Amino acid sequence: MDLVTALGQAGLGRGDLAGLAVTPDGTAAVAIAGAGWSTAASEVARVDETLRPRWVTWSQETAQRLALAGVRPATCWDVAAVHRLLFGGWRADPGWAWAHLRGLPLDGVPVAGPQSAGEADLFDAAQEHAAAQSGPSGATPDAEHPVEPDGYLRQDWTRGGWEDTPDRVLAWARLALEAAQSQGATLAGSSDGGLAVATARSESTIELLCAELSADGLPMDRAVAEQVLTGIIGPRPRGDAEAAQMRAVRDAVVLRLAPAGVTADLRSPVQVRSLLAAAGVDVPDTRAWRLEEFRESHPLVAALLEWRKAERIATTYGYAWLDEHLGSDGRLRGAWTGSDGAAGRMTASNGLHNMPAAMRQAVVAAPGHVLIRADLGQIEPRVLAAVSGDPALAAATAADDLYLPVATQLGVDRPTAKVAMIAAMYGQTTGHGGQAGRRMRAAYPVAMAYLDSADRSARAGRDLRTYGGRLVRMSGGDRAPAQADAARTAARGRYGRNALIQGAAAELFKMWAVTVRARALPLGGRIVLCLHDELLVHVPREHADATARLVGDCLAETAARWSPGGQDARGARVRFIADICAVRSWADAK
DNA sequence: GATTTCACGTA
DNA sequence: CGTACGTGAAATCC
């Protein structure tokens with residue numbers, strides 16, 4: 001009997017949990033209550049298309065292995081992602097997550113997984129060693145049981161030693177299922193269980209998207225990228241000598257504006273500070289925002305700031321960057337994570353999240369395709385309205401430009417209203433209060449109380465939870481020093497209020513993104529970039545309009561589920577808006 | 001050689 | 001008008 005039939009007969013239906021483990025070579029195991037199968041990744045795809053269960057995985061690694069085999073499941077429950085939601089922080093290896101679920105003392109967890117690239121080699125060596133030791137007939141006693149008598153996961157399993165026999169792969173899948181069921185029960189019992197479970201699902205499925213983003217990459221035109229670089233730092237040098245000479249030429253442009261006889265290594269902040277002092281500019285450090293006020297009066301400063309721009313491109317986003325990360329297929333690739341350690345935003349490496357704006361013109365759809373660019377408008381104040389349940393602020397979200405009704409309400413102009421709102425959300429350090437600030441308290445007391453509460457808790461070292469249920473740890477670690485001075489205490493308060501807004505915005509964004517991922521697939525649409533409040537979807541040109549509409553529809557649906565409002569005591573419905581357009585190049589947006 | 005600091009790109 | 005992240009080079013630590 002094939003797997004689809006067997007699972008169907010076993011009663012596995014849409015959305016039901018099914019444990020899934022995949023070995024590096026693409027062999028899979030599927031576990032449901034009371035039964036399990038060893039199979040090929042391609043069978044996982046067939047089951048997904050016909051029965052569409054929610055696959056339970058330990059971490060994004062499973063999705064990465066599936067993506068290599070061309071398998072892209074619709075949904076999952078990722079134990080690591082849900083662990084980060086429930087318990088905060090970044091660490092989420094199986095042994096660590098398991099100990100949390102079982103309520104075991106954390107100092108007893110046997111050995112952490114690899115925490116840095118530097119340890120990867122040791123980790124691999126340990127894996128090989130374990131595999132060599134077990135051998136064809138050398139299974140150690142209890143090797144088939146991943147759980148120790150004391151309740152912790154066995155060290156050889158958490159290190160990856162489960163991959164050597166089909167039975168062990170299956171046991172690992174079964175254990176993931178068990179972990180997920182435990183996590184689900186915990187979430188369902190939390191204060192807003194419905195939202196928490198929904199958040200756990202989107203935070204999980206984002207891990208599938210991350211694996212796909214890493215595998216697919218961002219479409220980029222190498223010739224355009226090289227043109228951009230040529231315009232800023234000159235043509236590609238032919239060798240190290242030429243590169244050094246071009247650097248020297250760029251340096252000379254700045255240094256000839258220095259006082260006679262004075263020179264410096266422009267790459268050394270200490271020497272730059274001395275150089276500036278010799279030119280009559282006395283600054284405590286040489287950061288751009290500090291130098292900005294001297295740009296007009298001192299040509300040396302202006303030249304230095306221009307030099308810094310070019311130097312940034314040359315060192316971080318130059319030809320070496322293209323050579324290293326832009327594939328011969330015209331895709332820029334980096335690793336993606338579904339949630340960072342603080343508020344749970346997505347992160348990406350290799351410059352995907354901090355590419356200079358000038359380079360956007362090189363981000364171009366493939367022939368016959370377009371990019372649908374969608375970015376959320378004024379996401380943070382709208383999120384504040386939703387998570388705090390402030391009826392007056394919720395009413396203001398009806399406007400396309402939220403700051404206009406806020407300005408009217410406060411009796412100030414729009415720029416003042418905007419500054420007052422942002423100061424309230426993130427905590428100002430200068431010019432405390434002010435008239436606009438006092439009026440904010442009067443006009444939006446519920447929202448302000450929400451922020452004040454977050455600020456107080458954070459300063460006191462009490463943990464916070466975002467609207468969707470992510471734990472933001474403020475206790476322990478150096479985030480809450482016993483003898484905090486006033487400045488550090490205030491910084492913790494700002495961190496806390498920011499984490500609740502940024503974190504909730506990230507949760508809404510990810511729920512939107514996984515919805516778009518699912519709905520755009522039949523049109524051939526693929527998300528190719530997530531940038532905190534902005535999505536890029538790569539889609540065949542003939543489906544451009546339909547995809548643009550779909551992205552907007554997905555936002556409306558997601559917002560309605562995420563922040564119901566209207567029919568209950570929460571008050572007015574919060575409106576979320578997105579600017580959506582179809583473009584050939586990312587730079588053409590707006 | 002590893003870690004910290006400075007600086008700056010993105011949101 | 002604050003927070004977050006990732007990166008690279010210099011400075012510093014061990």
Side-chain angles (χ1 to χ4, degrees), chain A residues 90 116-119 218 232 247 264-273 283-292 304-318 320-321 324-325 334-360 363 375-381 383-384 415-432 434 436-437 451 454-455 458 466 472 479 487 490-506 509 529-536 586:
Chain A
W90 188 83
S116 69
E119 285 174 4
L218 180 68
I232 299 170
R247 258 200 314 276
D265 177 356
L266 297 177
R267 291 159 192 83
S268 163
V270 175
Q271 292 187 37
V272 167
R273 189 167 169 239
V283 281
D285 63 61
T286 69
R287 288 182 163 86
W289 64 268
R290 212 183 277 284
L291 297 180
E292 202 56 51
L304 176 65
L305 289 169
E306 290 310 305
W307 177 90
R308 282 249 177 95
K309 258 189 158 53
E311 180 71 3
R312 166 68 46 181
I313 301 279
T315 55
T316 308
Y317 305 102
W321 173 70
E324 195 155 350
H325 306 300
W336 287 77
T337 66
S339 68
D340 63 34
R345 297 217 294 196
M346 297 174 74
T347 66
S349 66
N350 297 346
L352 282 160
H353 266 182
N354 39 10
M355 187 189 303
M359 197 52 81
R360 291 187 180 195
V363 176
D375 81 311
L376 300 175
Q378 302 169 335
I379 182 63
E380 284 154 336
V383 161
L384 174 59
T416 306
K418 183 174 177 180
V419 167
M421 178 68 73
I422 291 172
M425 281 191 289
Y426 304 137
Q428 57 192 355
T429 54
T430 53
H432 225 26
L451 294 168
D455 195 289
T466 64
V472 179
R479 189 80 67 187
R492 293 217 321 275
R494 288 195 301 274
Y495 174 88
R497 58 168 71 199
N498 179 265
L500 293 201
I501 301 299
Q502 196 183 94
F509 176 84
L529 191 75
C530 295
L531 195 45
H532 307 313
D533 64 355
E534 183 170 3
L535 272 181
L536 283 185
W586 192 11

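Computed from a predicted model, the values in this text were never measured in an experiment. Proteins come first, then strands; the chains are lettered A, B, ... in the order of their sequence lines, and each starts at number 1. All values below come from the heavy atoms of this structure, side chains included, with hydrogens, waters and symmetry mates left out.
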Send over the distance from [X] [atom1] to [N] [atom2], rounded to a whole Å.
X: A:His532; N: C:dG6; atom1: NE2; atom2: P; answer: 9 Å
X: A:Arg497; N: C:dA4; atom1: CZ; atom2: P; answer: 14 Å
X: A:Tyr426; N: C:dT3; atom1: OH; atom2: P; answer: 11 Å
X: A:Lys309; N: B:dG9; atom1: NZ; atom2: C1'; answer: 10 Å
X: A:Leu305; N: B:dG9; atom1: CG; atom2: C1'; answer: 15 Å
X: A:Asp375; N: B:dT10; atom1: CG; atom2: C1'; answer: 13 Å
X: A:Ile313; N: C:dG6; atom1: CD1; atom2: P; answer: 20 Å
X: A:Leu384; N: C:dG2; atom1: CG; atom2: P; answer: 18 Å

Does the A:Trp90 side chain pair with the main chain of A:Ala342, one donor and one acceptor, at a distance under 3.5 Å?
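Checking the backbone N and O of A:Ala342 against the side chain of A:Trp90, no donor-acceptor pair under 3.5 Å is found.
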Taking A:Arg497 for the side chain and A:Ala424 for the main chain, is one N or O donor matched with an acceptor at less than 3.5 Å?
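Yes; at least one donor-acceptor contact below 3.5 Å.
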In B/S/- notation, 5' to 3', how is nucleotides 8-14 of chain C contacted by protein heavy atoms closer than 4.0 Å?
SSSS---
Quick one, [X] and [Y] - any side-chain contact, counting heavy atoms below 4.5 Å?
X: A:Val363; Y: A:Leu536; answer: yes
X: A:Trp586; Y: A:Leu531; answer: yes
X: A:Leu384; Y: A:Leu451; answer: yes
X: A:Pro284; Y: A:Arg290; answer: yes
X: A:Gln378; Y: A:Met421; answer: no

Here the residues of residues 344-356 of chain A within 4.0 Å heavy-atom distance, strictly under, of DNA chain C are A:Arg345, A:Thr347, A:Ala348, A:Ser349, A:Asn350, A:Asn354
Reckon A:Arg308 has a side-chain N or O less than 4.0 Å from the OP1 or OP2 of B:dC8?
yes
With a 4.0 Å limit, can you tell me whether A:Arg494 has a side-chain N or O closer than that to the phosphate oxygens OP1/OP2 of C:dT3?
yes
Between C:dA4, B:dG9, C:dC1, which one does the side chain of A:Ala342 approach most closely?
C:dA4
Taking the minimum atom-to-atom distance to the side chain of A:Arg287, which one of C:dT3, B:dG9, B:dC6 wins?
B:dC6
Go through the structure and list residues passing ring pair (Phe, Tyr, Trp, His ring centres under 6.0 Å) with A:His532, not counting sequence neighbours.
A:His353
If you look at every strand shown and take non-hydrogen atoms under 4.0 Å, does A:Arg290 touch a base, only sugar-phosphate, or nothing?
nothing
For A:Ala288, which contact category applies under a 4.0 Å heavy-atom criterion: base, sugar-phosphate, or nothing?
sugar-phosphate
Output yes when A:Asp340 and A:Arg345 qualify as a salt bridge under the 4.0 Å nitrogen-oxygen rule, no when they do not.
no
